[in-house]
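The basis for the numbers below is simple: all heavy atoms, side chains too, and nothing from hydrogens, waters or symmetry mates. Below, chain A is the first sequence line, B the second, and so on; all start at residue 1.
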Amino acid sequence: MKTKLVLNFNPEASNLPITHNLTAKYGLLVNILRAEIDEVGGKMVIEVSGKADSIKTGISYLKEAGVGVRPIKEGVRRDDEACTHCGVCISICPTKALILDSKTHKVIFKEEKCVACGVCIDACPPRAMEILI
Amino acid sequence: MKKNKRPSGPKTFTDISTRARDGDAVVMTAMEFKEFVKTNGVKKAAKEVDIVTTGTFGAMCSSGAYFNFGHSDPPIKMQRAWLDGIPAYGGLAAVDVYLGATELDDSNNMMHGGAHVIEDLVRGRAVRLKATAHATDCYPLKEIDTYVSLKTINQAVLMNVRNCYQNYAAASNTSGRTMYTYMGKLLPELGNATYCSSGELSPLLNDPLYRTIGIGSRIFLGGGEGFVIWEGTQFNTGVERTPNGVPKRPAGSLAVLGDLKQMTPEFVKGLTFTRYGATLGLGIGVPIPILDEDMAKACAVTDKDISTAIFDYAQQTRARPVLAEVTYAQLGSGEVDIKGRRVPTSPLSSIYKARKIAELLKKSVAKGDFVLTEPVQRLPLDRSFKPLDTRSEKEAMK
Ligand code: SF4
Ligand code: SF4
């Protein structure tokens with residue numbers, strides 16, 4: 001199983017070797033998609049893969065360590081009513097999470113591909129894309 | 001398809017609009033018509049089809065709306081006016097103002113410009129009107145602070161001096177930094193390319209020599225009905241064209257007008273292009289009568305036959321270098337070749353909404369609800385586009 005998580009750290013938690021621990025203690029493969037950490041803490045977008053049970057215990061470990069954990073779905077949202085399907089975002093999204101459906105001519109947001117990089121946010125003319133992390 | 005008697009030769013505008021008013025016209029969207037021509041040929045299409053509906057939805061700068069608020073008691077002659085903080089031009093009369101779509105407030109907050117206020121009004125919201133004046137004997141009030149909505153405003157009229165560009169330039173960026181332009185976010189080192197036309201669905205690309213679209217044409221405007229009122233500004237007929245008359249660069253454009261009270265938020269949208277500013281997203285559709293085979297041929301145009309140039313927006317000059325000549329079919333494929341690199345593309349213009357407009361228009365034309373009007377005057381065929389140079393008084397007179 002694979003899942004994408006958005007992690008929020010306070011300064012103390014930023015010093016923990018969390019990716020190492022997720023791998024060593026819970027047998028999870030961790031792929032860091034995005035990381036921004038400074039003196040006031042930071043955030044990280046990771047993709048973890050492993051057994052469903054191990055992911056669950058891994059998430060509990062993170063929470064106990066004081067790390068905020070949220071699924072990526074809660075990280076980036078599109079306001080479907082505001083989207084005009086103009087396609088501005090399709091050439092700038094690095095992971096092709098925003099693509100043009102050739103049948104309906106609508107722009108589809110594939111949340112599971114999104115890595116919350118934020119590139120589309122200020123490019124969307126009606127501001128339909130929103131980043132919550 | 002209806003099998004009523006049809007003249008075999010060319011049809012007049014009046015024949016077609018009368019038939020449409022009676023609900024007897026054969027109407028197709030631009031998408032359907034192109035398919036029909038592919039299988040049946042131009043001759044048959046010219047004979048059997050009466051009207052083709054086109055559509056476009058995109059950022060249309062050079063838009064704005066004028067309002068008449070009615071008189072306050074005591075009355076005021078508004079000199080400076082603001083709608084939700086956005087300055088509106090009051091130098092017309094006492095209570096008439098014009099609000100430009102790209103206007104921003106004093107802090108240059110691009111997230112909320114004139115276009116957003118226009119959308120708010122269309123959504124039925126109330127907006128705050130503030131105005132100041134030098135008092136006169138007939139207009140003694142010096143300032144007013146109140147709320148208005150489309151219910152309280154007398155005339156609320158969208159009046160745009162340049163919309164619906166016939167073809168448009170495409171953009172990319174060879175520099176090392178992201179550029180924020182009216183063509184959207186252009187990623188560094190040819191990271192992407194953007195273009196802005198609904199191509200084969202676009203009204204003026206289906207009537208390249210302005211035979212049927214002219215001053216007085218009734219059009220779909222922002223969800224309501226409007227009219228073409230003049231040639232659009234920057235109208236330029238002197239560009240290179242294909243043998244079928246399709247321009248290869250931005251050419252004609254339309255000045256349009258329509259009642260804001262009829263419009264819907266689906267087709268009137270406040271937009272923000274980061275670090276460029278606010279602009280209005282607007283839907284326009286025009287029905288084109290198929291007068292003869294030439295008109296059928298014109299409306300059979302496809303994205304393969306329409307081309308434009310990708311300009312390098314890294315060059316911040318009037319004459320930007322051309323990076324590539326491409327067709328809309330290439331642009332629409334999602335990737336184009338620029339100097340040997342595969343560059344992903346973005347349309348900016350919503351093809352989804354353009355198609356929807358063509359479909360809505362088809363329905364109301366076929367029902368006889370939307371009445372075609374013959375232009376009272378044709379758009380010019382001899383306009384050039386002059387630059388603005390720094391010149392002396394004498395040079396300006398030459
Ligand atoms: S840029 Fe925004 S409005 Fe345009 S298609 Fe993408 S999400 Fe929709
Ligand atoms: S934040 Fe936007 S640009 Fe980045 S991956 Fe998600 S959808 Fe794509």
Engineer: Heavy-atom distances under 4.5 Å only: say whether T104(A) touches chain B with side chain, backbone, both or neither.
Structural biologist: backbone
Engineer: At a heavy-atom separation under 4.5 Å, does A193(B) approach chain A through its side chain, its backbone, both, or neither?
Structural biologist: backbone
Engineer: Taking the side chain as every heavy atom from C-beta outward, state whether S197(B) and L205(B) have any atom pair closer than 4.5 Å.
Structural biologist: yes
Engineer: So, D80(A) and R78(A), do they make that salt bridge, N to O below 4.0 Å?
Structural biologist: yes
Engineer: Mark yes when over 12 heavy atoms from residues, nucleotides or ligands other than R127(A) sit less than 6.0 Å from its CZ; otherwise mark no.
Structural biologist: yes
Engineer: In a check of side chain to side chain contact (heavy atoms under 4.5 Å, CB included) between L282(B) and each of N163(B), T56(B), L271(B), which one passes?
Structural biologist: N163(B)
Engineer: Name the member of M111(B), K185(B), E266(B) that forms the most heavy-atom pairs with chain A at distances under 4.5 Å.
Structural biologist: K185(B)
Engineer: Report the option among L187(B), L186(B), T272(B), T178(B) that has the most heavy-atom pairs separated by less than 4.5 Å from atoms of chain A.
Structural biologist: T272(B)
Engineer: If I measure from the heavy atoms of chain B, does V107(A) come under 4.5 Å with its side chain, its backbone, both, or neither?
Structural biologist: neither
Engineer: May I ask you to say whether E119(B) pairs ionically with R123(B), meaning some side-chain N is under 4.0 Å from a carboxylate O?
Structural biologist: yes
